[in-house]
Protein chains: 2
Amino acid sequence: MNPKERRAARHRPPNPEAEPGSRPRRRKDPITVDQVVDTALGLVATEGYEALTMRRLAGALDTGPASLYAHVVNKADLDELLIGRLCAGLVLPEPEPATWREQLRGVCAQVRDQYLAYPGISRAALAMAPTDLETVRVSEGMLAILLAGGVTPQAAAWAADALLLYVAAYCLEISVMRQRKADDDTDWVVDTAELRRRLTALPAETFPHTTRHAAELTAGTGHERFDFTVTLMIDGLAHR
Amino acid sequence: MNPKERRAARHRPPNPEAEPGSRPRRRKDPITVDQVVDTALGLVATEGYEALTMRRLAGALDTGPASLYAHVVNKADLDELLIGRLCAGLVLPEPEPATWREQLRGVCAQVRDQYLAYPGISRAALAMAPTDLETVRVSEGMLAILLAGGVTPQAAAWAADALLLYVAAYCLEISVMRQRKADDDTDWVVDTAELRRRLTALPAETFPHTTRHAAELTAGTGHERFDFTVTLMIDGLAHR
DNA sequence: TCTATATACGAACACCGTTCGTGTCAAATA
DNA sequence: TATTTGACACGAACGGTGTTCGTATATAGA
């Protein structure tokens with residue numbers, strides 16, 4: 001079967017006939033798509049998205065790279081599957097108009113934590129068209145919360161998009177920083193203290209505010225910066 | 001001279017002695033860093049960031065890829081140079097407390113237009129540590145406007161970061177969409193009308209809001225979505 | 001004029017995503 | 001039961017990527 005048909009079939013509603021029952025076992029364990037996605041996610045979780053190559057993934061499955069293309073159309077297709085699996089793990093609350101802001105913040109934090117659990121995977125999320133079924137599911141969930149909060153449909157639609165975009169960009173930045181710190185063989189140092197020191201060392205006449213407020217620029221242990229921006233956008237929606 | 005020293009020298013304040021005067025001319029035109037950056041930007045402008053390869057860049061300069069490494073440490077270093085050049089072209093207004101919101105929107109729009117003029121280059125901006133001198137220059141400019149607007153230093157610092165992050169992510173999404181449309185040989189269709197049709201075709205019982213508000217989700221000719229988000233964040237800062 | 005040094009660059013290395021052709025086995029058919 | 005079929009696994013290869021090494025060369029200074 002053509003893997004493109006396979007991909008199309010994946011997006012189609014599952015066919016209730018053709019019960020899998022006892023799957024035929026091939027020479028080795030005949031690699032399923034779920035296995036591929038699982039090991040790929042494991043690879044990303046332990047070594048980062050940059051380490052996810054078709055060859056290394058195939059190696060982790062004890063086979064050659066060509067074998068993957070029986071289950072996956074592309075690397076882009078694999079990325080889509082990964083993001084889909086990741087989105088499927090999100091729990092979307094039942095909208096409660098009284099607490100819509102907390103609910104929305106919770107969903108954003110959930111997406112962030114998922115992205116950060118698989119370092120660099122937000123790059124794939126950003127490079128992907130949000131057409132995938134699982135991603136529209138989370139979009140639908142955020143839309144539901146926003147509408148329950150009394151936000152106008154147009155603002156809700158754009159806000160959901162903006163929030164997801166920001167979360168992905170934030171996580172990508174964090175992942176890049178951490179990776180920089182990982183292969184620290186050079187002087188790319190991005191330690192917070194070192195960064196602040198470097199900012200204060202700038203010429204004060206051309207960068208007056210940067211040098212004066214270097215502390216604020218580098219502040220934010222944990223996800224305070226994240227919380228600030230998400231809250232800023234959500235509260236901005238409320239004041240309308 | 002080691003190109004890493006060259007990179008370090010680039011970040012140092014320019015040495016007033018050692019006037020270049022009449023540059024020695026080598027066998028061919030002895031490629032300068034500015035030439036490299038110029039042709040690289042030209043390549044990105046016409047064929048997109050994905051087409052920016054060391055080999056193609058070398059080819060555009062009528063040489064081999066190895067020659068580039070005399071002027072550039074890395075591809076990452078080249079990316080940094082490109083973003084630096086791009087940031088250097090931005091004009092940062094003198095802060096006026098009365099119109100700080102319009103000024104900030106103007107800077108964001110300027111960054112957006114620069115990113116979109118070089119399709120896909122925002123990917124490089126997102127993957128880069130904001131340590132570069134030219135990028136802290138625009139950061140400084142935004143900070144100045146925000147502080148002039150009466151925003152508290154901590155909020156100003158985080159807001160500038162958030163805005164730049166969102167602009168980069170927005171431009172990356174736009175560029176990916178356009179690239180998809182460019183090599184349209186397959187059914188990746190992301191035409192606005194087609195996307196709306198596909199959203200309305202979803203099962204209404206599981207995606208009630210998505211199907212009902214497909215029009216709003218796909219709305220936004222031009223940069224209305226962009227203006228919405230930027231204004232949302234800026235106005236959110238004002239109401240504090 | 002001669003040497004020293006920074007530069008240009010051909011060739012190669014290791015890796016990437018992807019494709020082609022072939023071999024092999026389980027299931028359907030005769 | 002014997003045979004065909006066809007989906008799958010996989011070795012090998014192609015064209016592309018970033019990067020490095022060694023060498024040739026042309027200019028700057030002695």
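In what follows, chains carry the letters A, B, and so on, assigned in the order in which the sequence lines appear, proteins first and then strands, with residues in each chain numbered from 1. Keep in mind the model is a prediction, meaning the values are calculated, not measured.
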Rounded distance in Å - [atom1] ([X]) to [atom2] ([N]):
X       : N      : atom1 : atom2 : value
A:Asp62 : D:dG11 : CG    : P     : 11 Å
B:His71 : D:dT19 : NE2   : P     : 16 Å
A:Tyr69 : C:dG17 : OH    : P     : 6 Å
B:Gln35 : C:dT7  : CD    : C1'   : 14 Å
A:Met54 : C:dT19 : CE    : P     : 10 Å
B:Asn74 : D:dT17 : CG    : C1'   : 14 Å
B:Lys75 : C:dC16 : NZ    : C1'   : 14 Å
A:Ile31 : D:dC10 : CD1   : P     : 6 Å

Sub-3.5 Å donor-acceptor pair from the side chain of [X] to the main-chain atoms of [Y], do we have one?
X        : Y        : result
A:Glu140 : B:His209 : yes
A:Ser122 : A:Leu172 : yes
B:Ser139 : B:Thr135 : no
A:Thr53  : A:Arg56  : yes

Item to check | Exercise: identify the closest heavy-atom pair between B:Arg180 and A:Ala127 | outcome: NH2-O, 3.4 Å
Item to check | Residue pair B:Thr192 / B:Thr218: nearest heavy atoms and the distance that separates them | outcome: CG2-O, 3.4 Å
Checklist outcome for this item: Ranking C:dA8, D:dA9, D:dT17 by distance to the side chain of B:Ala70, first place goes to C:dA8
Item to check | Nearest listed nucleotide, side chain of B:Thr53, among D:dT20, D:dT17, C:dG17 | outcome: D:dT17
Checklist entry - When all nucleic acid strands are considered with a 4.0 Å heavy-atom cut-off, which category describes A:Ser67: base, sugar-phosphate, or nothing? => result base
Checklist entry - What is the bend of the helix from C:dT1-D:dA30 to C:dA30-D:dT1 when you compare the axis at one end with the axis at the other, using five pairs each and rounding to 10°? => result 10°
When you compare the protein's N or O atoms with those of nucleotides 11-14 of chain C, which come within less than 3.5 Å of each other, and at what distance?
from: C:dA12; atom 1: N6; to: B:Arg55; atom 2: NH2; distance (Å): 3.4

Checklist entry - Going from CD1 on B:Ile174 to CG on B:Leu116, what distance comes out if it is rounded to the nearest 0.5 angstrom? => result 6.5 Å
Item to check | Parallel, tilted or perpendicular: rings of B:Tyr170 and B:His223 (30°, 60°) | outcome: perpendicular
Checklist entry - Applying salt bridge (charged side-chain N to carboxylate O under 4.0 Å, His left out), which residue pairs with at least one partner in residues 106-129 of chain A are found, sequence neighbours left out? => result A:Glu50-A:Arg123
